[in-house]
Amino acid sequence: MPLRLLKFGFSKTYPEPRMFRSPDRLKSSYDAVIIGGGGHGLAAAYYLSRDHGMNNIAVLERGYIGSGNTGRNTTIIRSNYLTPEGVKFYDQSVQLWQDLSVDFDLNLFYSTRGHFTLAHTDASVRTMRWRAEVNKHYGIDSELVAPEDVKAACPEMDLNCGGHTPVLGALYHAPGSIARHDAVAWGYGRGADQRGVEIHQQTEVVGIQVEADRVTGVATSRGQIATPRVLCAVAGFTPRLLQMVNLPSPIYVHPLQAMVSEPMKPWLDPIIVSGSLHVYVSQTARGELVMGASLDPYELHASRSTLEFAEGLSAQMLELFPFLSHVKIVRQWAGMADMTPDFAPIMGKTPIAGFYLDAGWGTWGFKATPVCGKTMAYTVANDKNHELIQDFSLDRFKRYELVGEKGAASVGH
Ligand code: FAD
Ligand code: PYC
């Protein structure tokens with residue numbers, strides 16, 4: 001248990017300082033500017049200052065930290081991907097997650113639950129077997145299991161799914177976990193702030209200066225900043241930012257919605273995902289069911305919620321768990337998923353010197369927050385792509401060297 005929590009619990013006064021400073025003035029120049037105060041931008045700031053000694057950095061956030069997809073996701077953490085590039089990358093992230101609460105001295109409620117991806121057709125059983133074999137080859141704990149194994153871990157599930165799409169097997173991934181998403185942004189933000197990084201909320205980047213194919217500064221809603229390095233980590237806003245530097249964007253933005261139930265006594269230990277039913281669900285420490293489905297089926301730059309989504313997802317949930325019919329939905333929301341053609345991220349250097357990209361995280365980027373921070377910090381500090389991200393560069397679309405992750409991205413999109 002983090003020491004800070006114990007001190008807080010036993011103290012008679014209110015011992016907590018604010019999580020991070022709110023500097024009232026922007027400086028006229030920084031060694032690096034990070035656009036986007038989501039988990040990825042803040043993690044990069046944290047590792048730049050902690051591991052590379054760079055602390056004359058500004059993180060610029062148009063809203064408040066964690067207000068983008070970082071604070072809107074369903075917090076599933078796993079490394080059971082399909083491609084060798086993906087498996088190695090996400091595995092590093094799962095390793096980093098293990099120590100984060102201690103690193104930050106902040107409880108992230110990281111909870112390892114095991115992760116079942118259900119297969120309801122012969123074709124998806126084949127895909128699960130394929131994923132299990134690739135995973136095992138890289139030392140990842142994944143295996144194909146029988147319906148009885150699913151039932152043993154989750155006796156409440158109707159394996160027949162109302163007789164429509166019976167469960168034929170599942171990919172089981174023991175390290176599958178969940179965590180508290182806002183705390184991840186706060187932990188990275190506080191750690192970066194303590195090392196001198198400035199976090200400027202309510203500060204929007206409205207232009208990026210480039211001279212002779214090299215970045216020289218950014219224009220913000222609060223004034224101009226000169227800088228030789230800009231890291232762009234803005235998720236659903238990436239196409240807008242790429243326009244500012246005249247780079248073509250392979251990213252298309254779809255809303256991704258989610259919802260949460262009233263709290264219930266604990267009954268669901270593992271994380272359950274069904275691609276065929278378009279459902280994923282886990283139960284939080286507070287007892288709520290956090291649920292999601294696939295992307296809204298059209299491009300839209302908006303984070304509105306729809307009744308159609310809540311109705312559709314509730315119906316699919318009841319196929320798996322008919323006993324939930326009396327349970328109330330208390331909240332729903334949406335984020336803007338920055339999707340790529342191959343369902344893999346875009347990371348690293350770009351044709352503009354000093355302009356680095358961390359994007360294309362669509363529906364799968366929360367779990368990657370620590371490894372993205374580490375590898376992007378290395379890339380920015382050394383002006384050299386970290387070896388773990390070499391296959392994710394923007395120019396792979398020109399070279400037709402895609403990293404096909406659709407079969408493992410999340411639910412069937
Ligand atoms: P964000 O958190 O979106 O941060 C980007 C920030 O940039 C925002 O705060 C935004 O305000 C800011 N910004 C944008 N434009 C500007 C500008 N011009 N100037 C300044 N600031 C700007 N991933 C998983 O791994 N597991 C899951 O279970 C999962 N579930 C999901 C469920 C939903 C409903 C959604 C929407 C996403 C889910 N994801 C999941 C994906 C994951 O949430 C994202 O990939 C990840 O959080 C991206 O983090 P980020 O820091 O890159 O982006
Ligand atoms: O990446 O595991 C995932 C995920 C689940 C729901 C959305 N993304």
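In listed order, ligands and their atoms are each counted from 1. Quick note: residue numbers are just sequence positions, from 1.
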Legend entry - A359 near ligand 1 by a heavy-atom separation under 4.0 Å: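 It does not, in that no heavy atom of A359 comes within the 4.0 Å cut-off of ligand 1.
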
Inset, instruction - Applying ring-ring contact (aromatic ring centres under 6.0 Å, His included), name anything that partners Y252, two or more places apart in sequence or on another chain. - result: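 Partners of Y252 under the ring-ring contact (aromatic ring centres under 6.0 Å, His included) test: H254.
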
Inset, instruction - Applying ring-ring contact (aromatic ring centres under 6.0 Å, His included), name anything that partners Y356, two or more places apart in sequence or on another chain. - result: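 Y356: no ring-ring contact (aromatic ring centres under 6.0 Å, His included) contacts found.
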
Using distance alone, determine whether [X] and ligand 1 share an N or O pair under 3.5 Å.
X: T70; result: yes
X: A334; result: no
X: F366; result: yes
X: A258; result: no
X: T74; result: yes
X: Q257; result: no

Compute the shortest N/O to N/O distance between [X] and ligand 2 and return yes if it is under 3.5 Å, no if not.
X: R78; answer: yes
X: H115; answer: no
X: T363; answer: yes

Legend entry - Salt-bridge contact E133-K136 (side-chain N to carboxylate O under 4.0 Å):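 K136 and E133: salt-bridged.
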
Legend entry - Salt-bridge present (D383, K349; N to O < 4.0 Å):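 So D383 pairs with K349 through a salt bridge.
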
Legend entry - Chi angles and distances behind the ring-ring contact (aromatic ring centres under 6.0 Å, His included) call for Y47, Y378: CA-CA 8 Å; Y47 293 115; Y378 174 95; over 10 Å; no

Inset, instruction - Check ligand 2 against A409 and write out every atom of the ligand that is under 4.0 Å from a heavy-atom position of the residue. - result: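 Near A409, meaning under 4.0 Å from one of its heavy atoms, ligand 2 has 1 (O), 3 (C).
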
[X] and ligand 1 - part of the residue with a heavy-atom distance under 4.0 Å:
X: T203; answer: backbone
X: I65; answer: neither
X: W361; answer: both
X: N69; answer: both

Inset, instruction - With atom 38 (C) of ligand 1 as the reference point, say which of V290, T238, D338, N73 has the nearest heavy atom. - result: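 Among V290, T238, D338, N73, the closest heavy atom to atom 38 (C) of ligand 1 comes from N73.
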
Inset, instruction - Please work out which of T75, N73, V281, I76 has its closest non-hydrogen atom nearest to atom 5 (C) of ligand 2. - result: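 Comparing heavy atoms across T75, N73, V281, I76, the nearest one to atom 5 (C) of ligand 2 lies in I76.
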
Inset, instruction - Evaluate whether atom NZ of K384 has more than 12 neighbouring non-hydrogen atoms of other residues, nucleotides or ligands under 6.0 angstrom away. - result: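 For K384, atom NZ is not crowded (no more than 12 foreign heavy atoms under 6.0 Å).
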
Looking only at protein heavy atoms, which one is nearest to [atom], and what is the separation?
atom: atom 8 (C) of ligand 1; value: E61 OE1, 3.4 Å
atom: atom 19 (N) of ligand 1; value: V205 N, 2.9 Å
atom: atom 26 (N) of ligand 1; value: I76 O, 3.0 Å
atom: atom 16 (C) of ligand 1; value: R62 CD, 3.5 Å

Inset, instruction - Give a yes or no on whether the backbone of M54 and the side-chain of H52 come within a donor-acceptor separation of less than 3.5 Å. - result: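 Here the side-chain-to-backbone pair does not exist.
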
Inset, instruction - Could you pull out the closest heavy-atom pair between R25 and H200, with the gap in Å? - result: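 Taking every non-hydrogen atom into account, O-CE1, 3.3 Å.
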
